[in-house]
Number of protein chains: 2
Amino acid sequence: MQLPPLVQTFVLHFGEMGSRWGINRTVGQIYAVLFVAERPLNADEIVARLGLSRSNVSMGLKELQAWKLVRLQHVPGDRRDYFSTPEDIWQIVRTLVEERKKREIDPTLTMLRETLMQVPQSDAEVHAQARLREMHDLLELLTGWYADMQRLETDRLVDLLTLGSKVQKMLELKDRLLPRGRKVREDDGR
Amino acid sequence: MQLPPLVQTFVLHFGEMGSRWGINRTVGQIYAVLFVAERPLNADEIVARLGLSRSNVSMGLKELQAWKLVRLQHVPGDRRDYFSTPEDIWQIVRTLVEERKKREIDPTLTMLRETLMQVPQSDAEVHAQARLREMHDLLELLTGWYADMQRLETDRLVDLLTLGSKVQKMLELKDRLLPRGRKVREDDGR
DNA sequence: TCGCATTTTCAGGAATTCCTGAAAAGTGCG
DNA sequence: CGCACTTTTCAGGAATTCCTGAAAATGCGA
């Protein structure tokens with residue numbers, strides 16, 4: 001592995017973390033290298049930095065592209081493929097959450113809806129369905145909230161996150177100032 | 001596997017999902033069985049339902065306990081250990097997020113802070129540090145927000161999530177009503 | 001303390017996932 | 001078209017993770 005020490009620390013850590021998230025270690029490392037690179041890199045440059053086989057890097061890049069975490073680019077006068085991560089880190093977060101939702105949450109919601117349609121054949125099934133409904137409703141609430149957040153511009157989103165629970169206090173304040181304000185909470189339902 | 005069909009669908013799906021999240025399939029299945037169970041189950045009951053070996057179930061339960069996702073209980077007059085998941089699904093979410101933060105985010109923040117302390121030895125390292133700082137600041141913002149949310153009672157949290165981006169509109173409204181309101185955003189810093 | 005019920009540990013085989021080199025396929029230029 | 005360069009595919013070996021049965025440890029009542 002041919003990397004400045006500081007970068008190496010990060011790349012190894014990121015690879016480990018990746019493997020706890022169902023992404024394999026080398027894919028995590030490839031991503032990490034691209035994330036800190038000053039310019040787009042081609043596959044051979046990644047091979048040189050990480051000491052993996054060419055084919056492994058090719059497969060890793062393919063997977064990262066499938067996740068839309070990495071962008072393919074071309075350098076004029078060079079036939080090779082170059083890859084980079086988005087400059088904007090919030091864009092990365094958005095993509096990551098969106099893809100995970102698509103692959104994991106959405107199919108789970110579908111499965112939950114299907115099992116909730118079935119007619120329970122026993123007490124055990126009645127109880128199980130009640131639990132599954134709780135899980136379903138929770139995921140619906142979270143995905144609804146997420147859809148809202150995804151729609152905000154980044155600056156607004158950062159404002160909200162920075163406020164944190166102070167939002168809560170401000171809403172109470174607002175309710176005192178504007179007693180009919182509760183209406184705002186109920187109109188325009190999702 | 002000896003389960004009502006509806007439960008079986010859920011258990012198998014949950015096992016698959018678990019394996020995409022770095023949790024192994026059988027641990028996911030054990031959790032799923034406990035989640036929909038009407039009462040706490042002992043290890044042999046889980047063995048009967050899932051057709052795993054006794055020792056595998058023992059290891060799985062140990063892992064779930066380490067994650068605090070499962071509670072050990074005793075039934076009067078019975079020496080065996082019984083296990084259950086919390087009734088309150090929001091409690092489950094809180095535990096899950098807390099544990100993942102502790103195991104993944106916190107060590108990552110530590111690593112990022114350490115690499116940011118180092119003196120860069122090259123342009124590549126200067127640029128890498130800038131990227132790592134972006135990631136660090138992002139994680140700090142998110143964990144700060146999370147700490148705030150964790151502190152709210154569940155009902156308040158659900159209110160905020162239900163509001164979604166409408167919070168944004170309400171804050172704008174509030175700023176119009178109470179021009180000096182911005183002060184509220186800046187005092188009492190975290 | 002013994003005996004029984006229960007849980008835990010762990011070595012090693014099974015299953016799965018990962019990684020590689022070699023070969024095939026794709027691509028654009030002369 | 002033919003060639004050189006590049007990427008992709010894939011069979012099979014390497015590495016890792018998972019799972020099991022047997023044995024050890026634990027806990028409790030008599």
Side-chain angles (χ1 to χ4, degrees), chain A residues 1-2 11-12 14-34 40-67 69-84 103, chain B residues 1-2 11-12 14-34 40-67 69-84 103:
Chain A
M1 193 177 283
Q2 203 53 32
V11 166
L12 293 178
F14 205 88
E16 279 324 305
M17 283 304 132
S19 69
R20 295 208 194 174
W21 280 72
I23 288 161
N24 96 35
R25 197 162 62 272
T26 60
V27 174
Q29 292 178 358
I30 293 170
Y31 187 80
V33 162
L34 290 173
L41 302 179
N42 64 47
D44 286 323
E45 289 172 322
I46 297 170
V47 166
R49 286 168 204 218
L50 291 175
L52 306 170
S53 73
R54 184 55 233 277
S55 53
N56 198 356
V57 169
S58 175
M59 291 190 298
L61 287 170
K62 218 176 87 180
E63 185 170 345
L64 288 170
Q65 283 177 278
W67 279 88
L69 285 172
V70 129
R71 190 167 74 241
L72 170 62
Q73 289 166 286
H74 283 106
V75 172
D78 189 333
R79 277 219 247 142
R80 288 169 293 182
D81 293 342
Y82 283 76
F83 298 89
S84 63
R103 291 159 193 241
Chain B
M1 194 177 283
Q2 204 53 31
V11 166
L12 293 178
F14 206 86
E16 279 324 304
M17 283 304 133
S19 70
R20 295 209 194 172
W21 280 73
I23 289 161
N24 97 35
R25 198 162 62 272
T26 60
V27 173
Q29 292 178 357
I30 293 170
Y31 187 79
V33 161
L34 290 173
L41 301 180
N42 65 47
D44 286 324
E45 290 172 321
I46 297 169
V47 166
R49 287 169 202 221
L50 291 175
L52 305 171
S53 72
R54 182 56 232 274
S55 52
N56 198 355
V57 169
S58 174
M59 290 191 299
L61 288 169
K62 217 178 89 181
E63 186 170 345
L64 288 170
Q65 283 177 279
W67 278 87
L69 284 172
V70 130
R71 191 166 73 239
L72 171 61
Q73 289 166 285
H74 282 105
V75 171
D78 190 332
R79 275 220 245 145
R80 289 170 294 182
D81 293 343
Y82 283 76
F83 298 89
S84 63
R103 291 159 192 242

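To find a chain, count down the sequence lines: A is the first, B the second, and so on, and within it residues start at 1.
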Provide, to the nearest angstrom, the distance between the [atom1] atom belonging to [X] and the [atom2] atom belonging to [N].
X: Arg25(B); N: dC18(D); atom1: CZ; atom2: P; answer: 9 Å
X: Leu72(B); N: dT6(C); atom1: CG; atom2: P; answer: 15 Å
X: Asn56(B); N: dT7(C); atom1: CG; atom2: P; answer: 15 Å
X: Met59(A); N: dT6(D); atom1: CE; atom2: P; answer: 20 Å
X: Asp78(B); N: dC4(C); atom1: CG; atom2: P; answer: 19 Å
X: Tyr82(B); N: dT7(C); atom1: OH; atom2: P; answer: 9 Å
X: Leu52(A); N: dA15(D); atom1: CG; atom2: P; answer: 15 Å
X: Glu63(A); N: dC18(C); atom1: CD; atom2: P; answer: 8 Å

*asked:* Just verifying a value: how many Å separate Phe83(B) CZ and Leu34(B) CG, rounded to the nearest 0.5 Å?
replied: 8.5 Å

Can you check whether [X] has a side-chain N or O nearer than 4.0 Å to OP1 or OP2 of [N]?
X: Asn24(A); N: dC19(C); value: yes
X: Thr26(B); N: dC19(D); value: yes
X: Arg80(B); N: dA5(C); value: no
X: Lys62(B); N: dT9(C); value: yes

_N/O donor-acceptor pair, side chain Arg79(A) with base dT27(C), under 3.5 angstrom_ = yes

*With no angle test and no hydrogens, is the base of dG21(D) tied to the side chain of Ser53(B) by a donor-acceptor pair under 3.5 Å?*
no

*May I ask you to test the Leu50(B)-Val57(B) pair for a side-chain heavy-atom distance under 4.5 Å?*
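Sidechains of Val57(B) and Leu50(B): no contact.
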
*Does any non-hydrogen side-chain atom of Arg20(B) lie less than 4.5 Å from one of Arg103(A)?*
yes

*Aromatic ring pairing Trp21(B)/Trp21(A), orientation class (parallel under 30°, perpendicular over 60°, tilted between)*: tilted

_Using a 4.0 Å heavy-atom cut-off, does Asp81(A) contact any base of the nucleic acid, only the sugar-phosphate backbone, or nothing at all?_
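Sugar-phosphate contact only.
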
*Among Leu41(B), Leu52(B), Asn56(B), whose side chain to side chain contact (heavy atoms under 4.5 Å, CB included) with Ile46(B) holds?*
Leu41(B)

*Between Ser55(B) and Ser58(A), which is nearer to the 5' end of DNA chain D once each is assigned its nearest nucleotide?*
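By nearest-heavy-atom nucleotide position, the 5'-most residue is Ser58(A).
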
